[in-house]
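Scroll down for the structure; my scribbles are underneath it.
Just so you know, these numbers come straight off a predicted model, no measurement behind them. Every chain is numbered from 1 and lettered A, B, ... according to where its sequence line falls, protein lines coming before strand lines.
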2 protein chains.
Amino acid sequence: MDAEQRRRELTEAVWRVIRRDGVQAASVRAVAREAGTSMGALRHWFATQDELLHVAMTRVVERARSRAEAAAAAGGPLVPRLLRVLEEALPLDDERRAEAEVWLALTARALVDPALAELRDRSAGELHGFCTEVVRVLVAEGVARADLDVDLEGERLYAVVDGLAVHALTRPSVLPPGRARTVLAAHLATLVDSS
Amino acid sequence: MDAEQRRRELTEAVWRVIRRDGVQAASVRAVAREAGTSMGALRHWFATQDELLHVAMTRVVERARSRAEAAAAAGGPLVPRLLRVLEEALPLDDERRAEAEVWLALTARALVDPALAELRDRSAGELHGFCTEVVRVLVAEGVARADLDVDLEGERLYAVVDGLAVHALTRPSVLPPGRARTVLAAHLATLVDSS
DNA sequence: CTCTTGATAGCACGACTGTGCTAGCTTGGC
DNA sequence: GCCAAGCTAGCACAGTCGTGCTATCAAGAG
């Protein structure tokens, strides 16, 4: 069996435990049980508990990024395409919801775990940077007003995206996927429309 | 000593532990040690571990609400006053930052803790409702365009507020208090200005 | 004085934790 | 055949965990 795939399997077992029982339940034993293997086997791949969480978080980021890149590379008009990329950060289906749950759990833990904090900062910087880039492109392409404060609008867009992510995640009955997409699209439209 | 004050003291010990070491470290023993008392004394006031966390979360909500009500009751022009109320949900000083840290930690845990989830839903509903109310008032007072979709703009404002809260909390060097206020004010301005 | 009630202290139990460690198994190279 | 490396299994240790429980202490009521 391929080593990379084995690590992926185990990482997804970590996810399942975190989603079902929370980060605090993601013990070496619980994850090994979930993966149907032994403590020893698990520790062969991930030496410590911290590494387990770190890898789980890394994989959330990687998956979201690769999906975002795919969406960015797709064809079609600019604005809907950018919208589709931003939507990759929202919990709109089971896959993204799983990622978002793990993301929130680890974001909270990152407040007191320096190793996770470093990882969170890097990935947050990426999304933040992309949001600013979206605004910059819209202005450069002439579809948004030229007098926009790019940095400020990037910050605001980033807040809308993560705010919607948290709300769609924690109160899905109030903010179902379709509604979240509508609100995000509306926000993007305000950057474009009012010329 | 007053019973209510004793409970408050112990609750604040819970906060300190959560802020310093995370929710997972908020054990009965750790909190008792932090409060300078014994396990038995602590359990006299809070029968279970869950109750400890529940009360900690309740108190975050209560404090933020009472500050918000004070800000709402203050005089001055409408828009800056509403802005000041919304800012009570942002980690702009040590007090609010402490609350936000506890809020994020418990919001994450609420994903797998039904009792906390119920509390979170109630308080989230309050802030969400207030955001919608802000938009409604702005429209009613004629300072915002009459053709605004009140519910959608309420949802968007709520996302901006919580998004900024998370970002100011997790990456304070990138989004310091002053900057967070600026972005929030700018968002409110977009609801008012473009007539 | 006694009696009661509220508050505090902390022991004991069984369960769970991360990690160090050894022992066994499996597979491929020679 | 044999050896080595990669992998798996799980025991052992020293902790921490939540909670049930009893014992002690302080103070007010009668």
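Between Q49(A) atom CD and dT16(D) atom C1' the separation is 14 Å, expressed in whole Å. Rounded to an integer number of Å, the gap from R33(A) CZ to dG18(C) C1' is 14 Å. The nearest whole Å value for the distance from the CG atom in D21(B) to the C1' atom in dT16(D) is 14 Å. Atom CG in L42(A) sits about 13 Å away from atom P in dT17(C), given to the nearest Å. Atom CG of D50(A) is separated from atom P of dT17(C) by 16 Å (rounded to the nearest Å). In this entry the distance linking CD of E4(B) with P of dG6(C) reads 17 Å, nearest Å. One interatomic measurement links the two molecules: CZ of F46(B) to P of dT8(C), which rounds to 11 Å at whole-angstrom precision. Here the C1' atom of nucleotide dG18(C) and the NE2 atom of H54(A) are 19 Å apart, to the nearest Å.
Comparing M39(B) and A47(A) by the nucleotide of DNA chain C whose heavy atom lies nearest to each, the residue mapping closer to the 5' end is M39(B). Heavy-atom nearest nucleotides on DNA chain D were determined for T37(A) and for R29(A), and the one closer to the 5' end corresponds to T37(A).
At a cut-off of 3.5 angstrom, the base of dG18(C) holds no donor-acceptor pair with the side chain of R43(A).
OP1 and OP2 of dG6(D) both lie 4.0 Å or more from every side-chain N or O belonging to R6(A). The side chain of W45(A) places an N or O atom within less than 4.0 Å of a non-bridging phosphate oxygen (OP1 or OP2) of dT8(D). In this structure, H44(A) reaches the dC7(D) phosphate: one of its side-chain N or O atoms is under 4.0 Å from OP1 or OP2. Taking side-chain N and O atoms only, S27(A) has a distance below 4.0 Å to OP1 or OP2 of dT17(C).
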Please list, one pair per line, the donor and acceptor atoms closer than 3.5 Å that link side chains of residues 47-54 of chain A to other protein atoms, with sequence neighbours excluded.
residue	atom	partner	partner atom	Å
T48(A)	OG1	E51(A)	N	3.2
Q49(A)	NE2	A26(A)	O	3.3
E51(A)	OE1	A47(A)	N	3.1

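Annotation: side chain of L157(B) is in contact with side chain of H187(B) (closest heavy-atom distance under 4.5 Å).
Residues passing the salt bridge (charged side-chain N to carboxylate O under 4.0 Å, His left out) test with R7(A): none are found, sequence neighbours excluded.
Within the model, atoms CD1 of I18(B) and CG of L111(A) stand 11.5 Å from one another, a figure rounded to the nearest 0.5 Å.
Salt bridge E99(A)/R96(A): absent, no basic N to carboxylate O contact under 4.0 Å.
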